[in-house]
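Residues: numbered from 1 along the sequence shown. Quick note: numbers below take in every heavy atom, side chains included, and nothing from hydrogens, waters or symmetry partners.
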Amino acid sequence: MKKLSEIVEKAKGFKKIFTVAGAEDCEVLLACESARKEGIGNPILVGIKEKIETIAKDIGIDIKQYEIIDEKEESEKCKRAVLEVREGRASFVMKGLIPTATLLKAVLDGEYGIRGEGLLSHVMVYEIPNYHKLLLLTDGGMNISPTLEEKVQILKNAIKVAKAIEIENPKVACLSAVEVVNPKMPSTVEAAKLKEMNQRGEIEGIVDGPLAFDLAISKEAAIHKGVKSEVAGDADILLVPFIEVGNALGKSFTYFAKARSAGIVVGAKAPIVLVSRADSHEDKFNSIAFACAVSF
């Protein structure tokens, strides 16, 4: 896929039901309205009913089209939104105007949560004007300094997402500052181990690393440096060594490269639309479509 619009088209017609924890937010409601009108999903709005109705009226949304669950406390909003998914009445959950930690606590709760068997990880997809296809980035939002074993799970999560959006044999660049193994730089050692695991068939796709960022996205850079790689200049997935790299790289895509994006957390029993409060309603809408498209 080359455009986020292709993910949106894939999601159209699914009409999956999803919940919004803390729906008292203008941009969130605009994104939900777009999803409803496009036939992507029907949201259940969880939050303070009076506030939701007031905001909807102010921005011209017919709130009668929506089911609202009236909850006032943040923890209860999250619990109810997650419980709807756990009990099969919704396919995924979206973060509204609530702290991320509060929602994730509900997701991971042993009694009513939707924790899966693996590791939760964040996957962003970017449509960057100067890149020739969609680019996935992981993990810039959940795991701070993952171990090698955790990187394996993060990578497997991202590959599963890539396949769900029809990237059949995703090319993965394991990023570091250099493209040679340096024992003093653990990210290079772990990248090489991930490549070896891929060659043994333990990880799907085509994995290469360590690769500096320029090599991952530029064939010219690879040629200039004399690096031969199936992934260089054609990466589908960027695996970052730790969260600071993913966070800064993703925001640079948005603010410097004018990228459009969508983001979800995977690894639970259902996707979690985990968006920033600074995201536009368009990016929030794209994230809903992304979650809908990869709801396994």
query = Side chain of R86, backbone of G113: donor and acceptor closer than 3.5 Å?
reply = yes
ask   = Is any side-chain heavy atom of F92 less than 4.5 Å from a side-chain heavy atom of V273?
value = yes
Lys/Arg N to Asp/Glu carboxylate O, K3 vs E6, below 4.0 Å = no
inquiry  = Do V125 and L155 sit in one hydrophobic cluster, given that two such residues count as connected whenever their side-chain heavy atoms are within less than 4.5 Å of each other, even indirectly?
reply    = yes
query = Between the side chain of S218 and the main-chain N/O of L215, is any donor-acceptor distance below 3.5 Å?
reply = no
inquiry  = Any donor-acceptor pair under 3.5 Å linking the side-chain atoms of H132 with those of D234?
reply    = yes
inquiry  = Using a 6.0 Å cut-off, check whether atom NZ of K49 has over 12 heavy atoms from anything other than its own residue.
reply    = no
ask   = Under 30°, 30 to 60°, or over 60°: which ring-plane class applies to Y126 and F253, parallel, tilted or perpendicular?
value = perpendicular
inquiry  = Could you walk me through whether I217 and Y131 satisfy the side chain to side chain contact (heavy atoms under 4.5 Å, CB included) test, starting with their C-alpha distance in whole Å, then the side-chain angles of each, then the deciding distance to 0.1 Å, before giving a yes or no?
reply    = CA-CA 8 Å; I217 52 91; Y131 199 61; 3.8 Å; yes
note = Rounded to the nearest 0.5 angstrom, the CD1-CD1 distance for I48 and I68 is 12.0 Å
ask   = Of the non-hydrogen atoms in S261 and N286, which two are nearest, and what is the gap between them?
value = O-CB, 3.6 Å
note = Nearest heavy-atom contact between M142 and I243 is N-CD1, 3.8 Å
key: Minimum heavy-atom distance between L29 and I52, given as atom pair plus value   = CD1-O, 4.0 Å
request  = Please report the C-alpha distance between K95 and T100 in whole Å, then the side-chain angles of each, then the deciding distance to 0.1 Å, and finally whether the side chain to side chain contact (heavy atoms under 4.5 Å, CB included) criterion is met.
outcome  = CA-CA 7 Å; K95 173 183 174 287; T100 297; 3.0 Å; yes
key: Short side-chain to backbone donor-acceptor contact, T188 and V181, under 3.5 Å   = no
key: Check: S121/N157 side-chain N/O donor and acceptor closer than 3.5 Å   = yes
query = Got K193 and L148 here, is their nearest side-chain heavy-atom distance under 4.5 Å?
reply = yes
ask   = Around atom CD of E244, are there more than 12 heavy atoms of other residues, nucleotides or ligands at under 6.0 Å?
value = yes
task = Tell me, please, which residues at least two apart from F290 pass ring-ring contact (aromatic ring centres under 6.0 Å, His included).
result = none
key: Pairwise side-chain contact, V231 with L211, heavy-atom cut-off 4.5 Å (strictly under)   = yes
ask   = Is there a path of hydrophobic side-chain contacts, each under 4.5 Å between heavy atoms of I, L, V, M, F, W or Y residues, that connects I264 with I288?
value = yes
Close side-chain approach of I69 and E84, heavy atoms under 4.5 Å = yes
ask   = Which heavy atom of L120 sits nearest a heavy atom of G267, and at what distance?
value = CD2-C, 3.5 Å
request  = Show your working on side chain to side chain contact (heavy atoms under 4.5 Å, CB included) between D283 and V275 and close with a plain yes or no.
outcome  = CA-CA 8 Å; D283 285 343; V275 290; over 6 Å; no
task = Check for a donor-acceptor pair, side chain of K16 on one end and backbone N or O of S295 on the other, with a separation under 3.5 Å.
result = yes
message = Can you tell whether the side chains of K171 and E230 come within less than 4.0 Å, N to carboxylate O?
response = no
key: Atom of A235, atom of L238 and distance for their closest heavy-atom approach   = CB-CD2, 4.1 Å
task = Give, for atom CD of E166 and atom CD1 of I7, the distance between the pair rounded to the nearest 0.5 Å.
result = 9.5 Å
message = Working to the nearest 0.5 angstrom, can you tell me the gap between C78 SG and Y112 OH?
response = 8.0 Å
task = Compare every heavy atom of C174 with every heavy atom of L194, then report the nearest pair and how far apart it is.
result = CD1-SG, 3.9 Å
message = I'd like to know if the side chain of E33 pairs up with that of Y66 as donor and acceptor (distance under 3.5 Å, no hydrogens or angles considered).
response = yes
key: Atom NZ of K51 with >12 non-hydrogen neighbours under 6.0 angstrom   = no
inquiry  = Between S34 (side chain only) and L30 (backbone N and O only), is there a donor and an acceptor less than 3.5 Å apart?
reply    = yes
task = Nearest 0.5 Å please: distance from the CZ atom of F285 over to the OG atom of S280.
result = 11.5 Å
query = From S229 OG over to D208 CG, what is the distance, rounded to the nearest 0.5 angstrom?
reply = 3.5 Å
note = In D236, I159, V161, the residue satisfying side-chain contact (heavy atoms from CB on, under 4.5 Å) with L136 is V161
query = Can you check whether G263's main-chain N or O pairs, donor with acceptor, with S287's side chain at less than 3.5 Å?
reply = yes
ask   = To the nearest 0.5 Å, what is the distance between CD (E204) and CG (N169)?
value = 8.5 Å
ask   = Considering only heavy atoms from C-beta outward, does the side chain of M94 approach that of K284 to under 4.5 Å?
value = yes
note = Applying salt bridge (charged side-chain N to carboxylate O under 4.0 Å, His left out) to E27 and not counting sequence neighbours gives none
message = Would S91 and V85 count as a side chain to side chain contact (heavy atoms under 4.5 Å, CB included) here? Give the steps.
response = CA-CA 6 Å; S91 296; V85 178; over 6 Å; no
request  = Taking E127 for its side chain and L4 for its backbone only, find out whether a donor-acceptor pair lies under 3.5 Å.
outcome  = yes
query = In terms of hydrophobic clustering (I, L, V, M, F, W, Y; side-chain heavy atoms under 4.5 Å; direct or indirect links), are I44 and V82 co-clustered?
reply = no
query = Would you call M197 and V152 a side-chain contact if the rule is heavy atoms closer than 4.5 Å?
reply = yes
task = Would you check if the side chain of D139 reaches a backbone N or O of H122 as a donor-acceptor pair within less than 3.5 Å?
result = yes
query = Under 4.5 Å between any side-chain heavy atoms of I167 and I165, yes or no?
reply = yes
message = Under 4.0 Å between a side-chain nitrogen and a carboxylate oxygen: does that hold for K163 and E168?
response = no
note = Residue pairs passing the salt bridge (charged side-chain N to carboxylate O under 4.0 Å, His left out) test with at least one member in residues 70-79, sequence neighbours excluded, are E24-K77, D70-K72
task = Would you mind checking if D214 and K225 are paired as a salt bridge, meaning a charged N to carboxylate O distance below 4.0 Å?
result = yes
ask   = Do other residues, nucleotides or ligands put more than 12 heavy atoms under 6.0 Å from K219 NZ?
value = yes
inquiry  = Please say yes or no: joined through hydrophobic side-chain contacts below 4.5 Å, possibly via intermediate residues, are I203 and V123 part of one cluster?
reply    = yes
ask   = Looking at side-chain heavy atoms only, is the closest gap between L239 and L175 below 4.5 Å?
value = no
query = Is L135 linked to L249 within one hydrophobic cluster, defined over Ile, Leu, Val, Met, Phe, Trp and Tyr using a side-chain heavy-atom separation of less than 4.5 Å?
reply = yes
